[in-house]
Amino acid sequence: MKGRAWKFGDNVNTDIIIPYKYKARSIDPKTLAKHCMEGIDPGFSKKVQKGDFIVSGRNFGCGSSREQAPVSIKACGISVVIAESFARIFYRNAINIGLPVLVCEGVLKEVDDGDTIEVDLSKGFVNNLSKEKIIEVKKQPEFLEKMVKAGGLVEYYKKFRRFPW
Amino acid sequence: MNAIEKILSRASGRENVLPGEIVEANIDCAMVNEITGHLTIKYFHEVGAKEVWNKEKIVMILDHTIPAGSVEAAELHKIMREFAREQGIRAFYDVGRGGISHQVMMEKAHVKPGDVVVGADSHTCTYGAIGAFSTGIGSTDMTAVFTTGRLWFKVPKVIKVNVRGDFRKFVVPKDLFLKIAKILGVSGANYMGLEFKGSTIRDMSIDGRMTICNMVIEVGGKAGIVEPDEKTLAYMKSRKNDRFSIMRSDPDAEYERTLELSVDDLQPLVSCPSAVDNVKLVSEVEGVELDQVFIGSCTNGRIEDLRIVAKILKGNVVSDRTRLIIIPASQEIYLDALREGLIETFLLSGATVTNPTCGACYGGHIGMLASGEVCLSTTNRNFIGRMGSPKSKVYLASPATAAVSAITGRITDPTSFKSG
């Protein structure tokens, strides 16, 4: 996977990712995608190309337990969210809906907004092609990898008729 | 082992667990509201499930937008209502029957000490107040729970928060938690549990314990927990639920770290826009003009909170420049407040009182803020746009600070207020 890095800071919360007024009105991914990151970068969804990445700081996705936040990110074309750390409910939700998330300490220092990066989920690295620098990511438990690969928890269940843990 | 480890060991059928381990635990109770529950129901059908794993262990509560403030909200209510009926789920709290989910879960004794409880709402961590392990999950995770009654957890590291001393007048548990948020920061307890101990916690009511456990998510925490004691037992007895086992931390239990705090000199605190850990002394921001004051929510809408507010408001009126909205957290609290005469005091002071709902706390269907407006709120989040316009500002504080500030129309330190 190769794409542009869209960089954000620490504590990007779920109200910023998708303001409440859209969460309540819609569960339609396309509608949610249009308003993704509207609280911090209006028009974000228009700039994103399919396959791009979000690179962020600590505690990405803090706040609400609503899944519209990761759904909006996935639906606007982001392929992976890479962050120094995630809020735990967002982390689980993202994997459950099939949005890959990578914990990558030091990523903010190594990646600038606009850099082209490459991500290998199975080998577990982020390659900053603009800076020719490889950054290691924290390995996820295997069952979570399987779940993301299947496209999320519901898709996994439909395929294997059981949950992956 | 500490209490959280013991509860997770028991629920996953293991002799012991270590922080960082992944366990699969049996769920004692699962709660959804209409905002998250409708998605769980959708996925439940998508995975081809026919019957929930245990209809007695599922609680469905309408609280975020009640009564329905839009056709969209009404549709969500309808999905919930029909699912409860179709599955035979008796613990369904419709409009006028319950109130804010976390309060209802405690009042109606759906939660017991030692339980593992999950809720599709981030403030599910509230029930640690009676010694349960409770945590928030998303709608899809809840689908797995509805289907199998089990869910995976990473055993959290736990920070011990040892609190000693006595609160000064009009300094309350909310101020204590804002102090903790200032120390830990909004991600300081990410993935971790917080176990509250010490003489201050022992002296604290269940209402107060609920406030501090409720806000654990605001420092990234997975669960807050207070060891059950005689207050817990009395509470459970009053709720007619006395069949449970108590899990206490061993004297040699291990913790990630210990935070030692004293509340003797604690002053009223306020969390300034737009992060919960942007905490200052009320006296430092005194004088900030307020367009709205909101008292309520799963954090601070309980009877004890309303009593303090009534004590302050009695014989006073809300400032001309400010509007005061008060929302009791549940039908039961509303009725108690009515019987105790608190509602009359509120109305005479110029406050508006609405039915129990989350609506005002999260910019739902009532009490929304216009651009440029400033609100002091007893709730739990002051994110940009949380209560309305992205150009509005929210300060978080205690019910005492909120009530005094509503009278003056400005952020005001309640400790200097002379009550009758």
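Side chains are part of it too, since the values below use all heavy atoms of this structure and drop only hydrogens, waters and symmetry mates. Chain letters run A, B, ... following the sequence lines, proteins first, then strands; residues in each count from 1.
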Handout entry: Interface moiety of A:Asn96 toward chain B, non-hydrogen atoms closer than 4.5 Å
Key = both
Problem - Polar side-chain atom of B:Arg381 near backbone of A:Gly63 as donor-acceptor pair, under 3.5 Å - result: yes
Exercise for the section: Using non-hydrogen atoms and a 4.5 Å limit, figure out which bit of B:Ala144 sits close to chain A: side chain, backbone, both or neither. Expected result: both
Practice task
Could you walk me through whether A:Asn11 and B:Ser187 pass side-chain contact (heavy atoms from CB on, under 4.5 Å), step by step?
Solution key: CA-CA 8 Å; A:Asn11 305 315; B:Ser187 64; 4.3 Å; yes
Practice task
Name the region of B:Glu24, side chain, backbone, both or neither, that has any atom closer than 4.5 Å to a heavy atom of chain A.
Solution key: side chain
Handout entry: Donor-acceptor pair, side chain of B:Tyr191 and main chain of A:Phe86, under 3.5 angstrom
Key = yes
Exercise for the section: Please check if atom NZ in A:Lys47 has more than 12 non-hydrogen atoms from other residues, nucleotides or ligands closer than 6.0 Å. Expected result: yes
Fill in the blank from the handout: To the nearest 0.5 Å, atom CZ of A:Arg92 lies from atom OG1 of B:Thr135 at 8.0 Å
Completion exercise
Applying a strict 4.5 Å limit to non-hydrogen atoms, the region of B:His123 in contact with chain A is neither
Exercise for the section: Tell me, for A:Ile97 versus chain B, whether the close heavy atoms (under 4.5 Å) come from the side chain, the backbone, both or neither. Expected result: side chain
Exercise for the section: Kindly compute the distance separating CZ (B:Arg386) from CG (A:Asn13), expressed to the nearest 0.5 Å. Expected result: 9.0 Å
Problem - Side chains of B:Asn190 and A:Asn59 in contact at under 4.5 Å (non-hydrogen atoms) - result: yes
Exercise for the section: Measure the shortest side-chain to side-chain distance between B:Thr147 and A:Phe163 over non-hydrogen atoms and say whether it is less than 4.5 angstrom. Expected result: yes
Problem - Heavy-atom check, side chain of A:Gln68 versus side chain of B:Leu39, under 4.5 Å - result: yes
Completion exercise
Interface check, chain A: of B:Tyr362, B:Trp152, B:Phe383, most non-hydrogen pairs under 4.5 Å belong to B:Trp152
Handout entry: Reported OG1-to-CE distance for the pair B:Thr140 and A:Met147, which is rounded to 0.5 angstrom
Key = 9.5 Å
Handout entry: Closest approach of A:Arg161 to B:Val47 (non-hydrogen atoms, all atoms of both residues)
Key = NH2-O, 3.0 Å
Problem - Residues in residues 137-145 of chain A that sit under 4.5 Å from chain B, counting heavy atoms only - result: A:Pro141, A:Phe143, A:Leu144
Practice task
Spell out the residues in residues 148-155 of chain A that have some non-hydrogen atom less than 4.5 Å away from a non-hydrogen atom of chain B, in order of number; otherwise answer 'none'.
Solution key: A:Leu153, A:Val154
Problem - More than 12 heavy atoms of other groups within 6.0 Å of A:Glu105 CD - result: no
Problem - Full working for side-chain contact (heavy atoms from CB on, under 4.5 Å) between B:Ile137 and A:Ile89 - result: CA-CA 6 Å; B:Ile137 61 172; A:Ile89 304 179; 5.6 Å; no
Handout entry: Any donor-acceptor N/O pair, A:Arg88 side chain to B:Met192 backbone, under 3.5 Å
Key = no
Problem - Option that, when pairs with chain A are counted at under 4.5 Å, heavy atom only, ranks first among B:Asp121, B:Asp141, B:Val186, B:Thr124 - result: B:Asp141
Exercise for the section: Work out which heavy atom in A:Lys158 is nearest to a heavy atom in B:Glu46; give both atom names and the distance. Expected result: CE-O, 3.5 Å
Problem - Segment of B:Thr36 engaging chain A (4.5 angstrom heavy-atom cut-off) - result: side chain
Handout entry: Test item: B:Thr143 and A:Tyr157 side chains (from C-beta on) under 4.5 Å apart, heavy atoms
Key = no
Handout entry: Heavy atoms from other residues, nucleotides or ligands near NZ of A:Lys133 exceed 12 (cutoff 6.0 Å)
Key = no
Handout entry: Geometric cation-pi criterion, B:Arg150 with A:Trp165: 6.0 Å, 45°
Key = no
Problem - Closest non-hydrogen atom pair between B:Ser122 and A:Ser64, with its separation - result: OG-CA, 4.0 Å
